[in-house]
Amino acid sequence: SVGAVTIDRNARPLAHVVRGDLVESVHLGHLVLLDDTGHATGRRGDPDEVMFPRSALKPVQAVAMLRAGLDLHGELLALASASHSGEPEHLDGVRRILAGAGLEESALDNTPDLPLAERSAGGTSISAERSAGGHPPSSIAQNCSGKHAAMLATCVAAGWPTEGYRDPSHPLQRLIRSTVADLTGDGAEHLTVDGCGAPLFSATTTGLARAFARIATAAPGTPEGRVADAVRAHPWWVGGTGRPVTRFCETVPGLVAKDGAEGVFAGALPDGRAFALKVLDGSSRAVPAVVAAALGRLGAGSEAVAELGRTDVLGHGAPVGRITAEL
């Protein structure tokens, strides 16, 4: 398509995969760095290209739900903003959100799936454990179930029907679309269906960074401020054990961040310095290195942040190279 050709032409290298003394692969994409006034101090590719932010939009969607009257706080509000790993506490949290609205698990209408977590505490794949134990894919185990439970709870709080809550014409989704447009400054013009079944609205990489800056700098008690407080205080609920988004939020003071499928990641610091990136090929392997480099460029780097960005290239199980960011 014409759009795909444009993106290919404008993308620039964000990371190199170095094996031995050769560059083996290159990940192209778009990235923007914003200072505390919203001015772009760094750009790679064309961050004004329109894209689908995927689950990186979840904090923005949570803001919309709070604007509609959702009454969640703390870890459960963080879970509403999450792509959780499906660990037992996550699933219990989803049930608590539903129960608070007088709803059962059967009300969830997101795509059934096995948990996102790769490993349980015992080292066995959670997905393998569930399959071996006779647990089929379910909506509650899918990584977006916290968002969907919060969507349902929002409908109850606002007096809207829970039936058809995923329909783009539903009042909830109309409000989410307008909130995406408001916080990003983009038009949210493109609409499709996300992997979980919810409507997905477009933004630019720059707009996504703007949205996170607005959330991170919002006054306490506002919908934006409440989301920021929840993510900062409960980063494990936003991702899970060992997940990059959780580890970055745990390591960088005041960071509000969220990952998304297809190589999307965005974050902002309390003073409004922000970044967002989109890896063109959709690979997640380059994301930690680029995030660490972006934080460094924004003045939030440290040895711990650099270590989070370290991704070794292995040969026979030993490091023989590394993924290096180019910003």
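Residue numbers count from 1 along this sequence.
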Exercise for review: Could you tell me whether the side chain of R247 and the main chain of G242 form a donor-acceptor pair under 3.5 Å?
Suggested key: no
Review point. E89 versus W236: any side-chain heavy-atom pair under 4.5 Å?
Key: yes
Check your understanding: Between D35 (side chain) and T41 (backbone), is there a donor-acceptor pair under 3.5 Å?
Key -> no
Check your understanding: Would M51 and L191 show up in the same hydrophobic cluster when neighbours are defined by side-chain heavy atoms closer than 4.5 Å?
Key -> yes
Review point. How far apart are the C-alpha atoms of T241 and E87, what are their side-chain angles, what is the distance that settles it, and do they pass the side chain to side chain donor-acceptor pair (under 3.5 Å) test?
Key: CA-CA 8 Å; T241 304; E87 296 171 68; 2.8 Å; yes
Check your understanding: Who passes salt bridge (charged side-chain N to carboxylate O under 4.0 Å, His left out) against R19, sequence neighbours left out?
Key -> E24
Exercise for review: State plainly whether one hydrophobic cluster holds both L280 and V23, where clusters connect Ile, Leu, Val, Met, Phe, Trp and Tyr through side-chain heavy atoms under 4.5 angstrom apart.
Suggested key: yes
Check your understanding: Would T111 and D113 count as having a side-chain donor-acceptor pair, cut-off 3.5 Å?
Key -> no
Point to revise | Evaluation steps, salt bridge (Lys or Arg N to Asp or Glu O under 4.0 Å), between R9 and D46 | key: CA-CA 9 Å; R9 184 175 66 243; D46 185 355; over 6 Å; no
Point to revise | Evaluation steps, side-chain contact (heavy atoms from CB on, under 4.5 Å), between Q142 and C196 | key: CA-CA 8 Å; Q142 198 264 344; C196 65; 3.6 Å; yes
Practice item. Taking the side chain as every heavy atom from C-beta outward, state whether P244 and L308 have any pair of such atoms under 4.5 Å apart. Key: no
Check your understanding: Heavy atoms, side chains only, cut-off 4.5 Å: are P136 and P112 in contact?
Key -> no
Review point. Would you say the side chains of S85 and R243 form a donor-acceptor pair under 3.5 Å?
Key: yes
Study note, to complete from the structure: Residue pairs meeting ring-ring contact (aromatic ring centres under 6.0 Å, His included), one or both in residues 62-88, sequence neighbours left out, come to H84-H90
Review point. With no hydrogens and no angle check, is any side-chain donor or acceptor of S145 less than 3.5 Å from a backbone partner on I140?
Key: yes
Review point. At their closest point, which heavy atom of T204 faces which heavy atom of P47, and how far apart are they?
Key: CB-O, 3.5 Å
Review point. Which one of H27, R322, E326 satisfies the side chain to side chain donor-acceptor pair (under 3.5 Å) criterion with H16?
Key: E326
Check your understanding: Distance from S138 atom OG to L108 atom CG, nearest 0.5 Å?
Key -> 9.0 Å
Review point. Considering only heavy atoms from C-beta outward, does the side chain of L79 approach that of L77 to under 4.5 Å?
Key: no
Donor-acceptor contacts, no H, no angles, side chain residues 149-160, under 3.5 Å, sequence neighbours left out:
residue, atom, partner, partner atom, Å
T154, OG1, A150, O, 2.7

Review point. Which value, rounded to the nearest 0.5 Å, describes the distance between F265 atom CZ and K278 atom NZ?
Key: 14.5 Å
Practice item. Tell me, please, which residues at least two apart from R67 pass side-chain hydrogen bond (donor to acceptor under 3.5 Å, both in side chains). Key: D182, E224
Point to revise | Heavy-atom side-chain contact between R177 and P199 under 4.5 Å | key: no
Review point. Can you tell if the side chain of R95 reaches within under 4.5 Å of the side chain of E105, non-hydrogen atoms only?
Key: yes
**Study point:** Flag side-chain contact, heavy atom, 4.5 Å: R232 against P270
**Key:** yes
Point to revise | Verdict with supporting geometry, R43 and L33, side-chain contact (heavy atoms from CB on, under 4.5 Å) | key: CA-CA 6 Å; R43 295 167 61 97; L33 305 172; over 6 Å; no
Study note, to complete from the structure: So side chain to side chain donor-acceptor pair (under 3.5 Å) across residues 287-296, not counting sequence neighbours, yields none
Review point. Closest heavy-atom contact between T205 and L31?
Key: CG2-CA, 4.4 Å
Study note, to complete from the structure: side-chain contact (heavy atoms from CB on, under 4.5 Å) filter on R96, not counting sequence neighbours, yields E75, L76, D92, W237
Check your understanding: Going only through I, L, V, M, F, W and Y residues with side-chain contacts under 4.5 Å, is there a path from V313 to V279?
Key -> no
**Study point:** Residues that E262 engages under salt bridge (charged side-chain N to carboxylate O under 4.0 Å, His left out), provided they are two or more places apart
**Key:** none
Review point. Would you say the side chain of L208 lies within less than 4.5 Å of the side chain of V264, judging by non-hydrogen atoms?
Key: yes
Exercise for review: Give a yes or no on whether the backbone of A82 and the side-chain of K58 come within a donor-acceptor separation of less than 3.5 Å.
Suggested key: yes
Practice item. Determine, using the 4.5 Å side-chain heavy-atom cutoff (strictly less than), whether L183 and V227 are members of one ILVMFWY cluster. Key: yes
Check your understanding: Got a salt bridge between D36 and R273, using NZ or NE/NH1/NH2 to carboxylate O under 4.0 Å?
Key -> no
Review point. Between R12 and L28, does a side-chain contact (heavy atoms from CB on, under 4.5 Å) hold up when you go through it step by step?
Key: CA-CA 5 Å; R12 293 293 181 269; L28 306 178; 5.8 Å; no
Practice item. For G315 and V320, work out which heavy atoms get closest and say how close. Key: N-CG2, 3.6 Å
Practice item. Would you name the heavy atoms of A300 and V305 that are closest together and state the gap between them? Key: O-CG2, 3.8 Å
Review point. Do any pairs count as a ring-ring contact (aromatic ring centres under 6.0 Å, His included) and have a residue in residues 162-193, sequence neighbours left out, and if so which ones?
Key: H148-Y165
Review point. Which atom names give the shortest non-hydrogen contact between F212 and G267, and what distance separates them?
Key: CD2-CA, 4.0 Å
Point to revise | With sequence neighbours excluded, residues passing salt bridge (charged side-chain N to carboxylate O under 4.0 Å, His left out) with R54 | key: D194
Point to revise | Reported CG-to-CD1 distance for the pair L70 and I97, which is rounded to 0.5 angstrom | key: 8.0 Å
Exercise for review: To the nearest 0.5 Å, tell me how far S283 OG sits from I323 CD1.
Suggested key: 7.0 Å
Review point. Between K258 and S83, does any side-chain donor sit less than 3.5 Å from a side-chain acceptor?
Key: yes
Practice item. Would you please name every residue forming a side-chain contact (heavy atoms from CB on, under 4.5 Å) with T192, sequence neighbours left out? Key: F52, L200
**Study point:** Working for side-chain contact (heavy atoms from CB on, under 4.5 Å), residues I215 and V63
**Key:** CA-CA 8 Å; I215 291 170; V63 168; 4.1 Å; yes
Check your understanding: Between atom CG of D186 and atom OG1 of T206, what is the distance when rounded to the nearest 0.5 Å?
Key -> 8.0 Å
Revision key, fill the gap. E189 meets the salt bridge (charged side-chain N to carboxylate O under 4.0 Å, His left out) criterion, sequence neighbours left out, with none
Revision key, fill the gap. Between A188 and F201 the two heavy atoms that sit nearest each other are CB-CB, 4.1 Å
Review point. By the rule that ILVMFWY residues connect when side-chain heavy atoms come within less than 4.5 angstrom, directly or transitively, which residues belong alongside L34?
Key: V32
Review point. Roughly how far, to the nearest 0.5 Å, is the CG atom of L327 from the CG atom of L298?
Key: 9.5 Å
Practice item. Output, in order, the C-alpha distance, side-chain angles, deciding distance and verdict of side chain to side chain donor-acceptor pair (under 3.5 Å) for E49 and N10. Key: CA-CA 9 Å; E49 290 280 4; N10 293 334; 2.8 Å; yes
